[in-house]
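A short worksheet on the structure shown next.
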Protein chains: 4
Amino acid sequence: MNQTAPKSAPKSAAKPVKRDAAASKRRILKAALAEFAAHGHAGARIDTIAEKASVSKPMIYSYFGDKEELYKAALRESYVQIRQGERKLKLEDLSPEEAVRELVGFTLRHFVSKPWFVSMLNTENLLGGDAIRQIGDVAEIQSPLIESIRQFLKRGAAAGEIRDDVDPVELYITIASLCYFPVSNKHTLRAVFKVPIDDDWLDQRAAMISDMLTCYLRRTPPAS
Amino acid sequence: MNQTAPKSAPKSAAKPVKRDAAASKRRILKAALAEFAAHGHAGARIDTIAEKASVSKPMIYSYFGDKEELYKAALRESYVQIRQGERKLKLEDLSPEEAVRELVGFTLRHFVSKPWFVSMLNTENLLGGDAIRQIGDVAEIQSPLIESIRQFLKRGAAAGEIRDDVDPVELYITIASLCYFPVSNKHTLRAVFKVPIDDDWLDQRAAMISDMLTCYLRRTPPAS
Amino acid sequence: MNQTAPKSAPKSAAKPVKRDAAASKRRILKAALAEFAAHGHAGARIDTIAEKASVSKPMIYSYFGDKEELYKAALRESYVQIRQGERKLKLEDLSPEEAVRELVGFTLRHFVSKPWFVSMLNTENLLGGDAIRQIGDVAEIQSPLIESIRQFLKRGAAAGEIRDDVDPVELYITIASLCYFPVSNKHTLRAVFKVPIDDDWLDQRAAMISDMLTCYLRRTPPAS
Amino acid sequence: MNQTAPKSAPKSAAKPVKRDAAASKRRILKAALAEFAAHGHAGARIDTIAEKASVSKPMIYSYFGDKEELYKAALRESYVQIRQGERKLKLEDLSPEEAVRELVGFTLRHFVSKPWFVSMLNTENLLGGDAIRQIGDVAEIQSPLIESIRQFLKRGAAAGEIRDDVDPVELYITIASLCYFPVSNKHTLRAVFKVPIDDDWLDQRAAMISDMLTCYLRRTPPAS
DNA sequence: TATGAATGAGGGTTCATTCAT
DNA sequence: GATGAATGAACCCTCATTCAT
């Protein structure tokens, strides 16, 4: 009767992670994020999520309520994961020019390597942002990065290396714009402009973006 | 074939728009574009499109085949309409700096005033670009604008006013990136960064983008 | 190719009533009434209704909206049908005693032969009467019967044959009570009191009820 | 086996009601009765019952088997509780007329104050009485009341105060009919006849019913 | 004993699509 | 050419029921 005695063989992963609520919830969230990112809100299928998460559908409803709530959880999760990645970015000891170059390269690689984040933003904005407005703490999730940018801008301005009228949020939006678009619109760009959005192209782009920003930051602000 | 030439038969003009196949098709396309842009591919409803176009559902199927084909037609239509708008842009007699400023302002206004275009691109890229790859002539649709940009870049470079290593497609992608992102991601930006993406903000942004690009174009290319 | 030519043989009921919206709706209503009466609100199955009505489920939703609305329609239908039966009742030319006897017999037979009416009332009252409150014209449906009762009471009182303080609604509720209970509670009565609620028993009951009512009506009202 | 005998072990009385199988079972039964009465057989939810009884769902299954068995237990319980109420009724020392008046008033108040009994009967009869047929001892539960009625009828007949051909079961069914209907069909009566079934109305009704029955009982039986 | 975790089977509802006039 | 009528196939969600601790 030692069929049901995994004690003696804890290593055997025959029954992966049964009866572990937290793990189940995590798997569901991961699968949901992938599914919503791949097919949008309406195109996502609860059946598929259940299957990919190796749980039954009722578990999803018991943990998350309904599709809408699951979507919100997935959207929030995409921000949480992005933020975890951003923690690795260290700009403190860099010159403004190096910091910009690092930030651009990082942001671009970040978007490329986490395409579900880009897809979730697309999906959410398509639907009018109803969900993100209901997630209270999204602003806080992103703030450390902005703070980091503010620091190096202040340092550079104090050292007289760059202009002193640059808002960190505006700069971030600029960088994000330049990095987001080629990733988000990869397929239409390729079809319309025959541009192959591959690693080489992206590397060149990162360099060009950095050049442009550096040039702009160095310049003295207009007299107006 | 004078079926589609009601001009020669003014008698039968009792019912103005009825029994006009071309008009029906146009109405369907318009409604489909609005619906797909508003709710994405999976979220769009054929019933709603039929209702908004004031046609019966079988009409849609007889004209367009199925939802997939209708989606492709709507996607193509969004490019056609965008292109029609771009025709109004005249850059020939402007200095490079003026041309950039005009192009940026125009592109931004364009995206803002045709949000369905932005939504259709989002939707199409979300789904992997399968549809746009099947539309043969999309590349040609966009080319006049690129040509126009090429012209003023060449002129400016010849006059020594700007650097001569700028690719028109790259420049357009840069401008598009900067104009697209704040429009496309309006809702998440507002939620995360508390930035109100209104007309004032967009005007300032257009100026800032133009400054940055001008600065970059003027600069001599790096030695490498 | 005369497979699809029923014209030459209109009698053949091979394809019963296809493409007849009104007929479909009628069949659905009939099936719904039977199903709700047999299994109650929650126990009724839309699938079963569709099957019994020989329509697909979407037809039901297209005609009636949802289960709740279909239930309301069925409830209303049960009153309409009951009312149609009551029209056959003629009390005008009868003496008060005969009228009562006729009314009692009729009501009892009515309830026995339309058990779905009794079941629908049970179901609706079980759920708190939410549905019937939303049906505007139920009161009017029942009123002719009350009017009829009022007439013979007035006639009998004027002739001095019966007391003159009897309210027609109260009398109807009394009769309904006496006729409803043995029909509605047929199964529990049989199980608890071993009373076989069959035709013989019901006939005797009708006589007893009539006796009792007659006795009561004849009596002069109490002094109080 | 002193697990279920906390009396002998007052030490472990820290948690008063916990680990008391009988109490749990009682709470389940009470909650089930309320739930089945409120929503009918199909509409009742095991989850709700578990929650209201403060037990886990597996407890319910371990005590009662399945929903069907729980329903039967609840149905039986409703009879048991009704019977407990009836025990308080004392008709022995009353005149026939007083006994009838007391019995009517009591029955009406009984139904009004135990609406779940009425609802359970409705539900059970709606479903065809399958459950009650499987409960063996229901007949015995009700019999004392019938016996009590038989007594006072015999006494009254012997004293020549009332007719002697009245069957106690028939009389009880008559009284039950008159008291049950206005309670059971409270909502539809209000909607259809605009009669407010409140305490005043019920008091008047009890008086009227008693009058009618008294009148009938006093009368000499018909010659037939 | 007691229960959190989990699920198979279905229930109501919707949607793209077609039929028949 | 045009449409009201109709439906198969899902989809989201729930519920009675069991597993495993």
Side-chain angles (χ1 to χ4, degrees), chain A residues 4 6-7 15 17-25 42-50 54-68 70, chain B residues 3 18-21 24 42-50 54-68 70-71, chain C residues 4 6 15 17-25 42-50 54-68 70, chain D residues 3-4 18-21 24 42-50 54-68 70-71:
Chain A
T4 59
K7 244 185 211 170
K15 291 191 177 180
V17 273
K18 290 272 176 183
R19 302 278 158 178
D20 182 339
S24 294
K25 199 169 177 181
R45 299 286 165 251
I46 298 283
D47 276 68
T48 309
I49 294 172
S54 301
V55 289
S56 62
K57 278 187 290 176
M59 291 298 331
I60 295 179
Y61 289 92
S62 133
Y63 284 138
F64 291 93
D66 63 4
K67 192 186 187 182
E68 194 60 34
L70 181 57
Chain B
Q3 268 187 334
K18 287 279 172 185
R19 300 274 164 177
D20 183 339
S24 291
R45 299 287 164 252
I46 297 284
D47 275 71
T48 309
I49 294 171
S54 302
V55 280
S56 63
K57 277 186 290 176
M59 289 275 354
I60 296 179
Y61 284 90
S62 107
Y63 282 144
F64 292 92
D66 63 2
K67 191 184 186 183
E68 197 59 34
L70 181 57
Y71 170 75
Chain C
T4 59
K15 290 190 176 181
V17 273
K18 289 271 176 183
R19 302 276 158 180
D20 182 340
S24 294
K25 199 168 177 181
R45 299 285 166 253
I46 297 284
D47 277 68
T48 309
I49 294 171
S54 300
V55 289
S56 61
K57 279 190 289 176
M59 291 296 331
I60 295 178
Y61 288 91
S62 133
Y63 284 138
F64 291 93
D66 62 4
K67 192 185 188 183
E68 194 59 34
L70 180 58
Chain D
Q3 268 186 336
T4 58
K18 287 280 173 185
R19 303 273 165 176
D20 182 340
S24 292
R45 300 286 164 252
I46 298 284
D47 275 71
T48 309
I49 294 171
S54 302
V55 279
S56 63
K57 277 186 289 177
M59 289 274 359
I60 295 179
Y61 285 89
S62 106
Y63 282 144
F64 291 92
D66 62 5
K67 192 185 185 182
E68 196 57 36
L70 181 57
Y71 170 75

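Convention: sequence-line order gives letters A, B, ...; per-chain numbering from 1. Just so you know, these numbers use all the heavy atoms, side chains as well, and skip hydrogens, waters and symmetry mates.
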Protein-proximity profile, nucleotides 8-13 of chain E, B/S/- by nucleotide at the 4.0 Å heavy-atom cutoff, equals B-BSSB
Rounded to whole Å, the CE-P distance (D/Met59 to E/dA2) equals 5 Å
Between CD1 of D/Ile49 and P of F/dC15 the distance, given in whole Å, is 12 Å
Across all chains, not counting sequence neighbours, the ring-ring contact (aromatic ring centres under 6.0 Å, His included) partners of B/Tyr71 are B/Phe36, B/His41
Between CD1 of A/Ile60 and P of F/dC11 the distance, given in whole Å, is 13 Å
With heavy atoms under 4.0 Å as the rule, sort C/Phe64 into base, sugar-phosphate or nothing. nothing
Heavy-atom nearest pair, B/Ser56 first then B/Ala50, reads C-CB, 4.3 Å
Separation of F/dA16 atom P from D/Tyr63 atom OH, nearest Å, is 21 Å
All heavy atoms of D/Leu70 vs all of D/Ile46, minimum pair found to be CD2-CD1, 4.2 Å
Applied to residues 57-66 of chain D, the side-chain hydrogen bond (donor to acceptor under 3.5 Å, both in side chains) test, sequence neighbours excluded, yields D/Asp47-D/Lys57
Stems of at least 3 consecutive Watson-Crick or G-U wobble pairs (donor-acceptor distances under 3.5 Å) involving DNA chain E, listed by first number, are E:2-21 with F:2-21
**Prompt:** Just to confirm, is there a sub-4.0 Å distance from OP1 or OP2 of E/dA6 to any side-chain nitrogen or oxygen of A/Ser24?
**Reply:** yes
